[in-house]
Each structure stands twice: as structure tokens, then as C-alpha cells.
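The analysis underlying the following values was restricted to heavy atoms, covering all of them including side chains, and did not include hydrogens, waters or symmetry mates. Chain naming here is simple, since letters A, B, ... match the order of the sequence lines and numbering starts at 1 in each.
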2 protein chains.
Amino acid sequence: MATGRSHRPATRSRGIPEATVARLPLYLRALTGLSERSVPTVSSEELAAAAGVNSAKLRKDFSYLGSYGTRGVGYDVEYLVYQISRELGLTQDWPVVIVGIGNLGAALANYGGFASRGFRVAALIDADPAMAGKPVAGIPVQHSDELEKIIEDNGVSIGVIATPAGAAQQVCDRLVAAGVTSILNFAPTVLSVPDGVDVRKVDLSIELQILAFHEQRKAGEEAEAAAHDGSGPVAATRREAAEQGPDGDVPAVMPA
Amino acid sequence: MATGRSHRPATRSRGIPEATVARLPLYLRALTGLSERSVPTVSSEELAAAAGVNSAKLRKDFSYLGSYGTRGVGYDVEYLVYQISRELGLTQDWPVVIVGIGNLGAALANYGGFASRGFRVAALIDADPAMAGKPVAGIPVQHSDELEKIIEDNGVSIGVIATPAGAAQQVCDRLVAAGVTSILNFAPTVLSVPDGVDVRKVDLSIELQILAFHEQRKAGEEAEAAAHDGSGPVAATRREAAEQGPDGDVPAVMPA
DNA sequence: CCATCTTTGTGCACGCGTTCACAAAGACAT
DNA sequence: ATGTCTTTGTGAACGCGTGCACAAAGATGG
């Protein structure tokens, strides 16, 4: 019944803050790197640097999982890898379906990062009959008609939507009806899902727009600075975004 | 000098909270949809529903941009589209380069959401000489050797990294040295960039791991409930993730 | 012109997340 | 065994973001 509740499942899960959960994969990746180089222990300072976060934050994050460090020494890499993996549920196997095998869907199917961490692509599904049977990343694409059967047969609880925006909600509804309770959505749409279903979205266009905002801001400040400096610090042809006074309330002429 | 400072440029930009900036693209998308259906005005309530957020939050967000609504009526759709576009810097043209034309890079090149919002793919760059000249999404791939020249000639300030993890930092360094000040990183690595450069990262594997965490939590709760209920509410074969007591401090046997 | 009704804009309180700073804990050398 | 040194784990303060609830503003009808 809840409409468009994107990530952040509101309730703090088992005492572990959502923000911490979001960082655990980051730590895990850094730790895996250390593990491969056979580093036995790390300090919070070192690991924090490798993961790109504050060391105090990292220690507090780990404190939610338990006391897994040794004072004066640091954390045992292998042990921590195991603990975080277990906490994230990566010690079990998660079958995943990808719906919508266009460019993006194919890229996802080929993405190595899945298999390496407990995720297994159980099926690729597309609405185009011409795609059916065609192998992508070594897996034959199946037609949408089979969606429900595939989900149930494989016990799939995580679905990835990589369809065009128009089809996303419909696909989402079918996935949920068939038993999927976690969805990763790449389509640029707000999905409505019932309570108890988690949705996370990845929107390339939105990320770029956020960057553009900051980029514009930088260009504006720089233009201001250059106004009484003379030498522009950055390359040749960059537009200056001149209009718009320093304060927000421009008398902008742009009627209805 | 700053290491791995991912998004959140710390300083609140021009008084607009970062959280608000991140939602503006969402509003813009919803508004664009309304605009195409020639809807003249929307209330905060309606628009909030379409964007999947709280209406109070939406109103507060808009209040940072100025007073663009009319009490008793709502917001003028076209006017708001313009204001948000301007605020995000989408009224100007942003040339973008994509580095690393594998599956993902190709998918990005083909992604329609870019062109529609002021972004223009200025060049596709790959390190593989065999790719050079090969057209992807109608644009010929260029070799990495040309990177600096391309950036400077086109005044590119936004770069997208879709290379393997191993190459990402090196590519990043070259982009920054050539004048790029905003980077969208798809490689699963923490990038180090100097101050003044913004990095946003998109990590498919991390999103899935976060979902897995919540999925595991749900399975655990459900198992607990089913323990004295008898009828599992969800489909047939789902693993139960039984071990692990209700409290965090498991005496787990997994030594160093 | 006045009353009513709708919807915005925002003051305020609350909760989450971050960061600082330090005491407690353990390793290690002597 | 004792002291020193390193590093963890956490109490406490702070700041940001969210959501409630309401007053102000304007439209609309009589």
C-alpha cells in the first residue's frame, strides 16, 4: 500500500543503523583486497583510509557488529571478512533475476561483481520474443511469460529491473506477486511496492544532474573570483553561466 | 590531497542542502512527465506522490529555491521545470566523456537519459587499440592516448569512468590533470582526488549487498514468526538462515 | 467587498548520523 | 610482574534532515 517508498526501510534493522549497513560492503571490499595480499591485521586507521571513510566512523560501525578488534593491534582481516559477510547475508547463495536484457541488462549479466559475492544470476528475462533463447553472458534469455515460474522454481527473492521506464512498474508488480521482496531498479521511475518489499534505485541521469549542479556552482564561484583576478585557473573554452544574481530570488522573466 | 572523499562536498552549496539537491532531479522528472501531458499546475501533494516523497519535504525543498508556488493553487509546471533546470545547471550544455567502453560503457553511451537533459556524449574512450574507430551508439571510440586532447578541445568538465577497477585511479588522475572536475565512477574502487573535484560513485554490487542484508533480516524474522505459527506466508523453497541468535554477540567459532 | 476554502511556506521539535576526545584494554619490552 | 605504548570502543556534543502542524496568502464564490 505504501507508495514509492524507496530505500531506507525506516525501521532500524536489528540495531544496525542503515547508514552503517550501506558502508559494510565498502569495508568488505577493502578487506578482501587486504586478504588477497595476505595482510593478517589492519588498524581502523588503515582500513578507513582504504575504504575512504573516517576512522572513528569505521570503529563505531564495527562496534554495532560486536567487539571484533584487539586493542593495540587492530582487526584480524580474515575474521572480519567472515563477520561482515555473515552480517550481510553473503554466506548464503542469492539467486537473482535480471529483467530487461537491453544494453544495461546485458552489462549487468556480464558484471563480475555479482558472482564473486554470493549472488548468482538465476535467469535473464526479456519481453522481446526475438531475444528468447539467445545466450547473454552464457545464459539463455527467457521470455517474460516464464517470469512467475522462474521465480518460484528458483526461490528468487531479489530482482533487478533494467527495462524501459514504461514497463518497470508492471514488471515490478509481477515480480512482487511472484514472491520477490527486494528490487534493484535501474529504470527511471518511482516504483510503488507493498510494505515489506525493499526497493533500491540506481539512476544514472540523476547522478549526472547532481554533478552538474556542483559543476555549475564551481563555475559560478570561479567566475566571481576571476572577475577581479584576471587569470582563469582552468582550461580554455568553458562557459561562464553569467546571469543570475548572487541571491536566489531572481526576478526571472519566464511566465506561464 | 583529500583521499577518497566521495560525494557530499561538505560545504552546503549556496544555502541549498545537499539532500535537497539530490531530490531536485526527481522532481524534475515528475514535472517533465506532467508537462508532456500538458498539466498546467500541480499541488505539492500531487507532485510529492509522483516523485515518491513527503509533501512537506517537497515544499521545504522548493522553499530553498524561492517562492515559486501560489497558495490555494499550487505550482506552475512549466515555470517550475525551468527553475529547477536552471538551478541544476541543465540550461547549459555539458559535454561528457565516457572512459572504458566495455558492456557497461556501451550501455551508458546508448542510454537516452543523457541527451534529454543537457548532457552530450562528447567522446568514448577506451584503452584497447582494437576498439579504436569502432562506432558505439553512433560515436567512434577513441584511444586513451587522445584523452587529454579530447578533454581540452571540448572543454569537458564531467567524466564517466566505466573501466575495470584496476585502471580507474589512473584514468581518474589523467582526467583530473586534464581539467575534469566532476567524476561519475562505476568502477568498484575508492578514488583519490584533489580538493575541488567531486566524485559520485555507483556500485551495483554494493546495492545488491544492501538488499541482501535486508532480505536476510526479513527471512530471519519470518522464520522466527513461523516458529510458532506453522504457515510460512511466502512461497515454497526459500532458505531460512537459521543460525545466529537474536542478539548480536554470537560466540561464533571462526578463529584466526 | 467579504467570507470561505485551499494550499503554500515555515517555525519547531525530534531523531539519526557524524565527529571528537578519552578511558579501558591489551600487546610487548624489559 | 610492571610500565609503556598502541589502538579499540564509546560517551557526549553537535549538526543536518525530516515531519508536524499552523499561520499567512491568495483564489473563488456570493
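Ranking D/dT8, D/dA25, C/dG17 by closeness to the A/S44 side chain, first place goes to D/dT8. Here C/dA27 is the nucleotide among C/dT7, D/dG9, C/dA27 with the atom lying nearest to any side-chain atom of A/T70. Closest to the A/K60 side chain, of the nucleotides C/dT19, D/dG17, D/dA24, is C/dT19. The nucleotide whose nearest atom lies closest to any side-chain atom of A/K57 is, among C/dA25, D/dG26, C/dT18, C/dT18. Closest to the B/S63 side chain, of the nucleotides D/dA25, C/dT10, C/dT19, is C/dT10. For A/R71, the listed nucleotide lying nearest its side chain is C/dA23; candidates were D/dA25, C/dA23, C/dT18. Side chain of B/N54, nearest nucleotide from C/dG17, D/dG19, C/dT19: D/dG19.
Whole-Å rounding puts the B/E18 CD to C/dT18 C1' distance at 16 Å. We find that CG of A/L47 is positioned 13 Å from C1' of D/dT8, with the value rounded to whole Å. In this structure, B/D76 atom CG and C/dT8 atom C1' are separated by 15 Å, rounded to whole Å. Spacing between atom CD of A/E45 and atom P of D/dC5 amounts to 19 Å, rounded to whole angstrom units. What separates CG of A/D61 from P of C/dT19 is a distance of 11 Å, to the nearest Å. Here C/dG17 presents its P atom at 12 Å from CD1 of A/I16, a figure rounded to the nearest Å. The distance from atom CG of B/L58 to atom C1' of D/dC20 is 16 Å, rounded to the nearest whole Å. At whole-Å resolution of the value, OH in A/Y68 and C1' in D/dT7 are 19 Å apart.
Checked by atom type and distance alone, the side chain of B/Q169 pairs as donor or acceptor with a backbone atom of B/S192 at under 3.5 Å. Of the possible donor and acceptor atoms, none in the side chain of B/W94 sits under 3.5 Å from a partner among the backbone N and O of A/L208. At distances below 3.5 Å, at least one donor-acceptor pair connects side-chain atoms of B/E46 with backbone N or O atoms of B/S43.
When the side-chain nitrogen and oxygen atoms of B/R59 are compared with OP1 and OP2 of D/dA21, none of them lie within a distance under 4.0 Å.
Both A/A56 and B/Y75 lie near DNA chain C, and the one whose nearest nucleotide falls closer to the 5' end is B/Y75.
Interatomic distance, OH of B/Y75 versus CD1 of B/I84, reported as 10.0 Å (0.5 Å rounding). The line from OG of A/S85 to CG of A/L90 is 5.5 Å long, rounded to the nearest 0.5 Å.
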